[in-house]
Undergrad: 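Let me begin by handing over the structure; questions about it come next.
Counting starts at 1 for both ligands and their atoms, in listed order.
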Amino acid sequence: MERVKILVGTETGNAEDVASELAITLEGAGFETETVDMEDAEPEVFLEERAMVICTSTFGDGELPFNSEALYEALGDERPDLGSLLFAVCALGDSAYPDFCAAGGTWSELLSDLGATEVVERYEIDEAEEEEVEGACEWVERAGARFTAVVG
Ligand SMILES: Cc1cc2nc3c(=O)[nH]c(=O)nc-3n(C[C@H](O)[C@H](O)[C@H](O)COP(=O)(O)O)c2cc1C
């Protein structure tokens, strides 16, 4: 396992900042990474790599951030077989909202439904506090180890 694609769902940039920390951590662990704004991605992106990290915030009432709605809908329409995809989800949100980090779960459900395997439990960041971002870096190291353990 050498490459990990990081897909970013964001409205005001916090998830992009977290994604760049995750990329630095994965690169330190020996992976090549590519970070892609969901706005610039087509459903084929899910077939390009074996391993993927979804890093997304939640907006509205538990909804996806605007930049990721089109990708989510297109993937749900096309329904490719994602049986060989491994993924992990880092969700940003604010626990003051009732649907805390819901967009992370929305992605987990769709990708799992299409046959992909979630390799570690979802990581949730409450208001992008620094210590939670550090926790996300530890979490992504575990995700990287799982990617390697499964794919070799
Ligand atoms: C209008 C608005 C709606 C939000 N709705 C939710 C929500 O339903 N659930 C949640 O967990 N966080 C919610 N948030 C919090 C954001 O997810 C959080 O601030 C996050 O860090 C933003 O990341 P981003 O800059 O990558 O978009 C909301 C924030 C705003 C401003």
Side-chain angles (χ1 to χ4, degrees), residues 3-29 31-80 82 85-114 116-147:
R3 291 175 54 84
V4 179
K5 191 161 286 192
I6 304 174
L7 279 187
V8 182
T10 184
E11 227 164 282
T12 55
N14 291 344
E16 209 177 338
D17 294 343
V18 171
S20 103
E21 296 295 325
L22 299 181
I24 289 167
T25 304
L26 284 169
E27 283 167 19
F31 294 93
E32 265 180 55
T33 69
E34 184 188 359
T35 302
V36 179
D37 185 322
M38 289 201 196
E39 185 128 62
D40 301 327
E42 303 289 336
E44 292 68 36
V45 76
F46 294 94
L47 298 164
E48 288 166 1
E49 307 291 350
R50 289 289 318 271
M52 185 169 271
V53 172
I54 305 282
C55 183
T56 183
S57 65
T58 295
F59 263 80
D61 295 322
E63 284 144 33
L64 299 178
F66 181 72
N67 81 323
S68 50
E69 283 173 359
L71 178 66
Y72 179 84
E73 277 166 30
L75 185 68
D77 287 344
E78 289 187 20
R79 303 192 62 77
L82 299 185
L85 179 68
L86 307 174
F87 73 99
V89 177
C90 179
L92 288 79
D94 179 346
S95 55
Y97 289 87
D99 294 316
F100 178 54
C101 285
T106 301
W107 277 110
S108 290
E109 266 178 42
L110 178 58
L111 295 177
S112 301
D113 195 39
L114 297 175
T117 303
E118 190 162 14
V119 296
V120 285
E121 75 289 1
R122 202 156 54 240
Y123 192 82
E124 294 178 341
I125 297 184
D126 197 356
E127 268 309 284
E129 298 290 346
E130 198 166 317
E131 66 212 31
E132 301 207 23
V133 177
E134 282 169 20
C137 291
E138 288 164 20
W139 165 88
V140 88
E141 279 186 2
R142 292 206 307 281
R146 292 292 304 143
F147 292 150

Undergrad: If you count every heavy atom of other residues, nucleotides or ligands that lies below 6.0 Å from Glu42 atom CD, does the total exceed 12?
TA: no
Undergrad: What residues, two or more places apart in sequence or in another chain, satisfy side chain to side chain contact (heavy atoms under 4.5 Å, CB included) together with Glu21?
TA: Val133, Cys137
Undergrad: Indicate yes or no: does an N/O atom of Ser57 lie under 3.5 Å from an N/O atom of ligand 1?
TA: yes
Undergrad: Ignoring angles and geometry beyond distance, decide whether Gly60 reaches within less than 3.5 Å of ligand 1 through its nitrogen or oxygen atoms.
TA: yes
Undergrad: Looking only at the side chains, is there a donor atom on one of Thr33 and Arg3 sitting less than 3.5 Å from an acceptor on the other?
TA: no
Undergrad: Could a heavy atom of Glu16 be found less than 4.0 Å from some atom of ligand 1?
TA: no
Undergrad: Examine the proximity of ligand 1 to Phe59 and report which part, side chain or backbone, both or neither, has a heavy atom under 4.0 Å away.
TA: both
Undergrad: Show your working on salt bridge (charged side-chain N to carboxylate O under 4.0 Å, His left out) between Glu121 and Arg142 and close with a plain yes or no.
TA: CA-CA 10 Å; Glu121 75 289 1; Arg142 292 206 307 281; 2.6 Å; yes
Undergrad: Would you give the length of the straight line joining atom CG of Asn67 to atom CG of Leu7, rounded to the nearest 0.5 angstrom?
TA: 10.0 Å
Undergrad: Only counting residues at least two apart or in another chain, list the ones meeting side chain to side chain contact (heavy atoms under 4.5 Å, CB included) with Asp113.
TA: Arg79
Undergrad: Does Thr12 reach ligand 1 with a nitrogen or oxygen that is under 3.5 Å from one of the ligand's nitrogen or oxygen atoms?
TA: yes
Undergrad: Can you label the angle between the Tyr123 ring and the Trp139 ring as parallel, tilted or perpendicular, going by 30° and 60°?
TA: tilted
Undergrad: Find all atoms of ligand 1 within a distance of less than 4.0 Å from any non-hydrogen atom belonging to Ala15, and give their numbers and elements.
TA: 24 (P), 26 (O)
Undergrad: How about CG on Asp77, more than 12 heavy atoms from neighbouring residues, nucleotides or ligands closer than 6.0 Å, or not?
TA: yes
Undergrad: Using a strict cut-off of 4.0 Å, indicate which atoms of ligand 1 neighbour a heavy atom of Thr10.
TA: 24 (P), 25 (O), 26 (O), 27 (O)
Undergrad: With respect to Glu11, determine whether any N or O atom, backbone or side chain, lies less than 3.5 Å from an N or O atom of ligand 1.
TA: yes
Undergrad: Out of all atoms in ligand 1, which are within 4.0 Å of some heavy atom of Gly13? Include the element for each.
TA: 24 (P), 25 (O), 26 (O)
Undergrad: Is Glu16 atom CD crowded by more than 12 heavy atoms from other residues, nucleotides or ligands, each under 6.0 Å away?
TA: no
Undergrad: Show which atoms of ligand 1 fall inside a sub-4.0 Å distance from at least one heavy-atom site of Cys101.
TA: 10 (C), 11 (O)
Undergrad: Checking the N or O distance criterion of under 3.5 Å, is ligand 1 in contact with Asn14?
TA: yes
Undergrad: Under 4.0 Å, heavy atoms only, figure out whether ligand 1 is touched by the backbone of Glu127, its side chain, both or neither.
TA: side chain
Undergrad: Any atoms of ligand 1 less than 4.0 Å from a non-hydrogen atom of Leu92? List them with their elements.
TA: 17 (O)
Undergrad: Are any side-chain N or O atoms of Glu63 and backbone N or O atoms of Thr58, one a donor and one an acceptor, separated by less than 3.5 Å?
TA: no
Undergrad: Show the atoms of ligand 1 that are less than 4.0 angstrom away from any heavy atom in Phe100.
TA: 11 (O)
Undergrad: In terms of atom number and element, which parts of ligand 1 are under 4.0 angstrom from non-hydrogen atoms of Gly93?
TA: 10 (C), 11 (O), 12 (N), 17 (O)
Undergrad: For ligand 1 and Gly62, I'd like to know whether there is a polar contact (N/O to N/O, distance under 3.5 Å).
TA: yes
Undergrad: For Val18, which of Val8, Ile125, Thr56 qualifies under side chain to side chain contact (heavy atoms under 4.5 Å, CB included)?
TA: Ile125
Undergrad: As an exercise, identify every atom of ligand 1 less than 4.0 angstrom from a heavy atom of Asp99.
TA: 7 (C), 8 (O), 9 (N), 10 (C), 11 (O)
